[in-house]
Amino acid sequence: MVSSPASDWSAGRGRGLWSLVPRAGARQPHCEPNPGAGAMVLLHVLFEHAVGYALLALKEVEEISLLQPQVEESVLNLGKFHNIVRLVAFCPFASSQVALENANAVSEGVVHEDLRLLLETHLPSKKKKVLLGVGDPKIGAAIQEELGYNCQTGGVIAEILRGVRLHFHNLVKGLTDLSACKAQLGLGHSYSRAKVKFNVNRVDNMIIQSISLLDQLDKDINTFSMRVREWYGYHFPELVKIINDNATYCRLAQFIGNRRELNEEKLEKLEELTMDGAKAKAILDASRSSMGMDISAIDLINIESFSSRVVSLSEYRQSLHTYLRSKMSQVAPSLSALIGEAVGARLIAHAGSLTNLAKYPASTVQILGAEKALFRALKTRGNTPKYGLIFHSTFIGRAAAKNKGRISRYLANKCSIASRIDCFSEVPTSVFGEKLREQVEERLSFYETGEIPRKNLDVMKEAMVQAEEAAAEITRKLEKQEKKRLKKEKKRLAALALASSENSSSTPEECEETSEKPKKKKKQKPQEVPQENGMEDPSIPFSKPKKKKSFSKEELMSSDLEETAGSTSLPKRKKSSPKEETVNDPEEAGHRSGSKKKRKFSKEEPVSSGPEEAAGKSSSKKKKKFHKASQED
C-alpha cells in the first residue's frame, strides 16, 4: 500500500523535505540519502553568505508538490529545520577582498575557483545522481554548464534558502548573529562601491547637474529681474525702455537708487555699467524728466537688497557656465566643439549619461527632447518632429526653412559619431569635433550654394593624423605633470622625515650626554686614556684634577687606590724609553702639576671611621712617597 505524502506529514512520520524530481513510487524509508540507490537523486543546496559558501544536504527525499505550506512552517522552527537540513561543508572566505571577488562572480554568473573547489570536493562523483539547489538562475546555469551538476531554482529551493538564511548562524559553529551581520554590512558597502564606477576624467554626472542648475538659474534670474523691473518701475519707469538686459537693469537700479540724486558726477559710472555713452546720457536725461512716483528710503533699501541678490545670481551663473565649459572640454571635447557646450550638455543630461547617448542611433539623437511631439504625431498620424534639442544649435538657425530637416538629420549623424568618439577614446581630443563641424559647415554651404563638400573618408584620415599628434602631446603634458607631482611629493616626504628625525634625535642626544658624563668621571684609569696614532692628548691630564672636585667619598677612595697601584708598577718600567713613559703614564704629568690640589683633597676629606680612615691615611702616605720619588727622578 502506497501512502500519500500529505498523510505521512500529518501523522508526524514525514518530517523532511523531498526532491523536486517527479517520479512515481513508494517513499524511501531511510533518512540519509543513499548514493548507491539507482533511482534516487540526492538534493543539495548551495547558500552564498558574506562569510563564505555553505553546502547543505536534505535528509529525506520525496515528491513535494503538495507540501508547500508545511515547508514554510518547518522553516520557521529551528528544531524542525535541523531535522530537515544538515550542513555538509562550509568554505569561509580568507579576507574581505576574496569575499568581494566571489560576490562579483556570483552576480555576473561566473563560477569562482573557491566555489568550484567546494562543489568538486564535497559533492558525489556521480553527477547525474545529484540535484543542486541554487538561489540565482545565472550561477545555476554556469554550474550546470561547467561542472555538469543538475541545478534547480525557485519553488521549494527558495523556501529552504529562506530557512538557511534565517538559521545560518546556528548551522555554522563559531559564527554569531552579530558577526554575520557585520560581514554582510561590510560586503554590501564594498560591493556597492565597486559597482559605482567613478572615473575622474569623465564625470558626466557633474555635467548633468550643472546644466540642470544652469537652466534653473536662467528661469529664476528672469523671474526675479521682472520683479525688480516692476518694483523699481514705479519710481523710474523710463529706465525699462532704455535698458533691455536684466542683469544690467538690476545693477543700475542698485546704483541709481533715488533718481533725484542722479547728476553729472555719476555719468562716468553709468557709462561703465551700460558700456554705452548714449544710453548713460539718455538715463540721465530721463531721470530729470521722469513721471515716476516718489519713493521712501525703506522701499529703496529693499529694492537695492533684492537687486544685489539678482546681480549675485547672475554672476554665479557666469561662473557656473565657465565650469560647465571646462567640464565639457574634459568629458566630451568633440561633442562640445561640434555643437557647443550648452547643447551638448543638454543632450547628455537628457540621455542620462554620455554612454547612453553614444548608444543611441542618429535618428534618436535627432528628436531627443521632442518625445511629446513625436508621440502626439504618432497618435494623430501627423507629421513627426524634425528636431529636438539640437534645434538650439546655430546650424539649424542658419539653414533655410526647406533645409532645416535635412541639416538636422545630418547634424544628428555627426553628433552621434562625436559622442561615440568621446565615450570610447582613451585620450579624448577635440580634433574630431572640429573636423565634424567643418563637414557640417560644408554641407550647409552645399545646400545654399551647391558647392560639393569633401568626402568623409578624406576628412577622417586628416582627423586621425591630427588626433594622434594631439594625443601624443597630451600624454607628454600629463607625464610632465606627473613627474612634477612626484618630485613635490618626494620633497615633502623628505622634509617631513628630516623634521621628524631632528625631533627624535634631539632628546636621545641629550640623554646620551647626561649618561656619558658620569661614566667618564668613573673611568679615570691611566690605562684607558684615549690615544690616537701613539700621540698623547695633552688636555686630559690637566682636566682630570679639576673634575675630581665633584667626586663623592667612595669615588675619591677608589681613585686613590688605583693611583697607588699604578705607582707601584712604575719602578719596573724605568728601562723603557721616555716616549713610552709619557704615553703609558699620563697620570705622572698630572701629579706634577696637580700635586698641591691632591693634597688639598686629602686635607679636605671628612674624617671617616673604621677601615675607610686607615685606608685613606695609607693612601696619602704612599702618594707623598711617590711624589718625592718622582721629583728626584
For the atom pair [atom1] ([X]) and [atom2] ([Y]), what is the distance rounded to the nearest 0.5 Å?
X: L87; Y: L55; atom1: CG; atom2: CG; answer: 8.0 Å
X: L357; Y: K359; atom1: CG; atom2: NZ; answer: 11.5 Å
X: E371; Y: T364; atom1: CD; atom2: OG1; answer: 9.5 Å
X: H44; Y: I160; atom1: NE2; atom2: CD1; answer: 12.0 Å
X: L115; Y: L147; atom1: CG; atom2: CG; answer: 7.5 Å
X: D220; Y: S225; atom1: CG; atom2: OG; answer: 10.0 Å

Contact between [X] and [Y] at the side-chain level, heavy atoms closer than 4.5 Å - yes or no?
X: I207; Y: V331; result: yes
X: N170; Y: D177; result: no
X: K484; Y: K487; result: no
X: V130; Y: N150; result: no
X: L132; Y: Q152; result: no
X: P333; Y: T429; result: no
X: Y316; Y: L213; result: yes
X: L119; Y: I143; result: yes

Nearest heavy atoms of [X] and [Y], plus distance in Å:
X: C415; Y: L335; result: O-CD1, 4.0 Å
X: P428; Y: I474; result: O-CD1, 4.2 Å
X: V51; Y: A183; result: CG1-CB, 3.5 Å
X: C151; Y: V134; result: CB-CG2, 4.4 Å
X: F93; Y: A50; result: CD1-O, 3.4 Å
X: I367; Y: P385; result: CG2-O, 3.5 Å

**Request:** Walk me through it: do L56 and V88 pass the test side-chain contact (heavy atoms from CB on, under 4.5 Å)?
**Result:** CA-CA 5 Å; L56 303 105; V88 175; 5.7 Å; no
Salt bridge between [X] and [Y], side-chain N to carboxylate O under 4.0 Å?
X: K327; Y: D204; value: no
X: R485; Y: E482; value: yes
X: E489; Y: R492; value: yes
X: R437; Y: E434; value: no

N/O donor-acceptor pair under 3.5 Å between [X] side chain and [Y] backbone:
X: E101; Y: A99; result: no
X: S416; Y: A412; result: no
X: S336; Y: A332; result: yes
X: R420; Y: A358; result: yes
X: S107; Y: N104; result: yes
X: D422; Y: S334; result: yes
X: S192; Y: H189; result: no
X: S326; Y: Y323; result: yes
X: N356; Y: G352; result: no
X: S190; Y: L187; result: no

**Asked** Going through the distances and angles, do V85 and V45 end up as a side-chain contact (heavy atoms from CB on, under 4.5 Å)?
**Response** CA-CA 9 Å; V85 176; V45 177; over 6 Å; no
**Message:** Less than 3.5 Å apart, any donor N or O on the side chain of S419 or Y360 sitting next to an acceptor on the other?
**Reply:**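 There is no such pair (donor and acceptor under 3.5 Å, judged by atom type) between the side chains of S419 and Y360.
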**Message:** Side chains of S179 and T176 only: does a donor on one sit below 3.5 Å from an acceptor on the other?
**Reply:**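 Per modelled atom types, S179 and T176 side chains form a pair under 3.5 Å.
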Taking everything shown except [X] itself, do over 12 heavy atoms lie less than 6.0 Å from its [atom1]?
X: R317; atom1: CZ; answer: yes
X: E145; atom1: CD; answer: no
X: F391; atom1: CZ; answer: no
X: R116; atom1: CZ; answer: yes

**Request:** Kindly indicate, with the supporting measurements, whether the criterion side-chain contact (heavy atoms from CB on, under 4.5 Å) is fulfilled by M328 and L324.
**Result:** CA-CA 6 Å; M328 283 294 293; L324 178 63; 4.2 Å; yes
**Request:** Run the numbers on R227 and T223 for side-chain contact (heavy atoms from CB on, under 4.5 Å), then give the verdict.
**Result:** CA-CA 6 Å; R227 181 63 56 200; T223 305; over 6 Å; no
**Asked** Going through the checks in order, is the ring-ring contact (aromatic ring centres under 6.0 Å, His included) test met by Y53 and F90?
**Response** CA-CA 6 Å; Y53 292 115; F90 175 64; 9.4 Å; no
**Request:** Any chance you could lay out the side-chain hydrogen bond (donor to acceptor under 3.5 Å, both in side chains) test for Q184 and H49, step after step, and finish with the verdict?
**Result:** CA-CA 8 Å; Q184 286 177 342; H49 196 269; 3.0 Å; yes
